[in-house]
Undergrad: 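First the structure, then my questions, so here it is.
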Protein chains: 2
Amino acid sequence: MTVRLKDIASDLNLSKMTISRVLRGQTDVSAATKARVLQRMKELNYRPNIAARSLRSGNTFSIGLVIPSLSDPFFTEVARGLVQTVRAAGYGLLISSSEEDPEIERFEIGLQLSRQVDALLVASVQESTEFFDDLGQQHVPMVFIGRKPPSFGAHFVGVRDQDIGYVAAAHLIQTGCHKVAYLRGPRTAAADLRYSGYRAALNDFNIPFRPALVIEACEADRHEYRRGVEAMCRLLTEKVRPDGVMCFSDLLAIGVIDAALNKNLKVPEDIAIVGCGNQPLIQSMKVSLSSVDLAGLEVGQRAAKLVLRILSSEKVASNRSLYVSPRIVVRDSS
Amino acid sequence: MTVRLKDIASDLNLSKMTISRVLRGQTDVSAATKARVLQRMKELNYRPNIAARSLRSGNTFSIGLVIPSLSDPFFTEVARGLVQTVRAAGYGLLISSSEEDPEIERFEIGLQLSRQVDALLVASVQESTEFFDDLGQQHVPMVFIGRKPPSFGAHFVGVRDQDIGYVAAAHLIQTGCHKVAYLRGPRTAAADLRYSGYRAALNDFNIPFRPALVIEACEADRHEYRRGVEAMCRLLTEKVRPDGVMCFSDLLAIGVIDAALNKNLKVPEDIAIVGCGNQPLIQSMKVSLSSVDLAGLEVGQRAAKLVLRILSSEKVASNRSLYVSPRIVVRDSS
DNA sequence: TTGAAAGCGCTAACAT
DNA sequence: ATGTTAGCGCTTTCAA
């Protein structure tokens, strides 16, 4: 059967306590016994039962993470950043995916809590704040990442959507573009904020806003590339020809580049193009794409540090919102 | 503080046992008390402490998964398939990433075992079988997925690399190609097997093998697209012009398509092109790409079913290897 | 249909 | 530097 503390103790004619002390690296054990114990542990391939430990000590040294999707590069980057940082502090990460479904999210959060995670990190897709209000009772430290239920007071680490739009537009303007087009994304609150960042940048740099340069490129799906191509073609029929195009996604931007090259425009000389997401896969197509990096890794790292601080000092100035800055990665397309 | 069985019991003047029975959906409780208990649970937002339950009952209803990378689409697909199937049976999935590092993998596996997972699923990057030999003692059911440590007898669910190469080549041949080129991947055992699948298909269909049509396209990195372009250019300088090209990755294939179009070749009329991986992102670029689907989702589902069977019946015919067939998804490029 | 007692493997708190 | 006692929250086993 599986090896327990008790087995090692009786093997070595020691008490369970001594073994437990060695296990946890306590110092008040003689070097000799410590060595004996460690060796026997190795021989027997002993593994502490964390369930038992946590039952007694009250913490599991595990942190729960619930993200909307395992295939979303932003969130997997967040997870990577978290895992790195948290592991260094001796914590493990329990990852679950809500598949973008609020009900699955609630279920998974419940599961994580049942599993006694010491803290909970959620990129929430809840539409209402109700569920989290109820949850407030159980005083498990919670941090929202990337997305936050509207108007819910809680710790948050993420990127301001408005900044994303702003950074892209500002970059194009600063490289000399005066007629900056925007292929805007779906009609969601987040996408609207990016759009307002675009508007804000135009405003700050005294560039007139031209409605004709804003194109609805809509949903992310497998036709994104085509949408980019079509949008670019439409843009080129407008009276004012844009000299810069920023896109809601990288794939959209690749479509735009192809369409531009096809019309014998030079990128970036005639028209500069910027994507969003900085997806490794499509960074270097025909003309390597400048793109706004959503800083998922940093979001993860910062969220991890925040959680670890909460976990150690038991109390942190409540409800901090921590915003990480997206940054433009300039390549050949701009 | 947190609500426990005991609290509900004393609240309702019942014994802990009755509450426990309701909690686990046992039938031998009167409908009336059952209702009372359930309501009180809801009111108090009670969540069972799984650590405690597992300590007593010996199983955690959680299954561990260790994959090499959270950003690899194949493995996240596997995870999705697993999560779906396993959740339906009341199990949770503990996901960790080894970051392609054998040592981290061993560490994470140890952690999972300490957390008392009921079974362990590993896409292993171990170079030797030693670690798993030692692990054999603890009789936690193990299933390898996708990758298996060389010559280690154990349950396995995955895709035959050879089949991947075969399927791609056979498809091209069956659509009429006689001169099938291959941009082969890195010099790994898995990539070599794909190559031998290519050779096998040529052989089966009586197509002569031409060494000049095999191009080293090497490592997966951010220059893959460029590699595809260059390889295609090189192919077009050969004496025998290929009428079909299969590629180790989708991105390589996109590069090949672009290069072909650039040389005024029609795809697929003059030259048919097939990628590998069936990555959603780049399925529908200029010419939508035919690609070999690696069936990650199915691998996950099958692995989950296998594990669940092992977990229920306690014994399954030992060391099953279960191979899922990759299938070609035909689009416009072939 | 309900309950009482015991104990899963470990560690906190207090000895010695 | 080592040991003793008690108990974490739950379920198993046996009894009523």
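The sequence lines fix the lettering, A, B, ..., with proteins before strands; numbering per chain opens at 1. FYI, side chains are in, hydrogens and waters are out, and symmetry mates aren't considered; it's all heavy atoms of this structure.
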Undergrad: Within less than 4.0 Å of OP1 or OP2 of D:dT12, is there a side-chain N or O belonging to B:Arg24?
TA: yes

Undergrad: Could you check how far CZ of A:Arg47 sits from C1' of C:dC10, rounded to whole Å?
TA: 17 Å

Undergrad: Any chance the rings of B:Tyr91 and B:Phe61 have centres within less than 6.0 Å?
TA: yes

Undergrad: CG of B:Asn49 versus P of C:dC10: gap in Å, rounded?
TA: 16 Å

Undergrad: How far does CD of A:Gln26 sit from OG of A:Ser20, to the nearest 0.5 angstrom?
TA: 7.0 Å

Undergrad: Indicate yes or no: at least one non-hydrogen side-chain atom of A:Leu14 is less than 4.5 angstrom from one of A:Arg36.
TA: yes

Undergrad: Taking all heavy atoms of A:Ser321 and all of A:Ala154, pick out the closest pair and write down the distance.
TA: OG-O, 4.4 Å

Undergrad: Within the pair B:Arg56 and C:dG7, is there a side-chain N or O less than 4.0 Å away from OP1 or OP2?
TA: no

Undergrad: So, OP1 or OP2 of C:dT1: does either fall under 4.0 Å of a side-chain N or O from B:Ser30?
TA: no

Undergrad: Rounded to whole Å, how long is the line connecting atom NZ of A:Lys6 with atom P of D:dG3?
TA: 16 Å

Undergrad: Nearest to the side chain of A:Met17 - C:dT11, D:dC10, D:dT13?
TA: C:dT11

Undergrad: Tell me whether the side-chain N/O atoms of A:Tyr46 come closer than 4.0 Å to OP1 or OP2 in C:dC10.
TA: yes

Undergrad: Mind calculating the distance between CD1 (A:Ile50) and P (C:dG9) to the nearest angstrom?
TA: 15 Å

Undergrad: Round to a whole Å and report the spacing from CZ of A:Arg21 to P of C:dA12.
TA: 10 Å

Undergrad: Which nucleotide, C:dT11, C:dT1, D:dC10, lies nearest any side-chain atom of A:Leu5?
TA: C:dT11

Undergrad: What is the distance, to the nearest angstrom, from the CD atom on B:Gln116 to the P atom on C:dG9?
TA: 9 Å

Undergrad: Measuring to OP1 and OP2 of D:dC8, would you say a side-chain N or O of A:Ser54 lies under 4.0 angstrom away?
TA: no

Undergrad: Verify the contact: side-chain N or O of A:Thr33 to OP1 or OP2 of D:dA1, cut-off strictly under 4.0 Å; return yes or no.
TA: no

Undergrad: Looking only at side-chain N and O atoms, does A:Ser15 come under 4.0 Å of OP1 or OP2 in D:dT2?
TA: no

Undergrad: Testing B:Ile109, B:Ile104, B:Ile95 one by one against B:Val66 for a side chain to side chain contact (heavy atoms under 4.5 Å, CB included), which residue passes?
TA: B:Ile109

Undergrad: By nearest heavy atom, map A:Lys34 and B:Ala51 onto DNA chain D; which one lands nearer the 5' end?
TA: A:Lys34

Undergrad: If each of B:Thr18 and B:Ala52 is mapped to the nucleotide of DNA chain C with the nearest heavy atom, which maps nearer the 5' terminus, i.e. the 5' end?
TA: B:Thr18

Undergrad: Just the rounded figure in Å: distance from C1' of C:dT11 to NZ of A:Lys16.
TA: 9 Å

Undergrad: If only side-chain N and O atoms of A:Ser57 are considered, is one of them under 4.0 Å from the OP1 or OP2 phosphate oxygen of C:dA12?
TA: no

Undergrad: In whole angstrom, give the distance that lies between atom CG of B:Asp7 and atom P of D:dC8.
TA: 11 Å

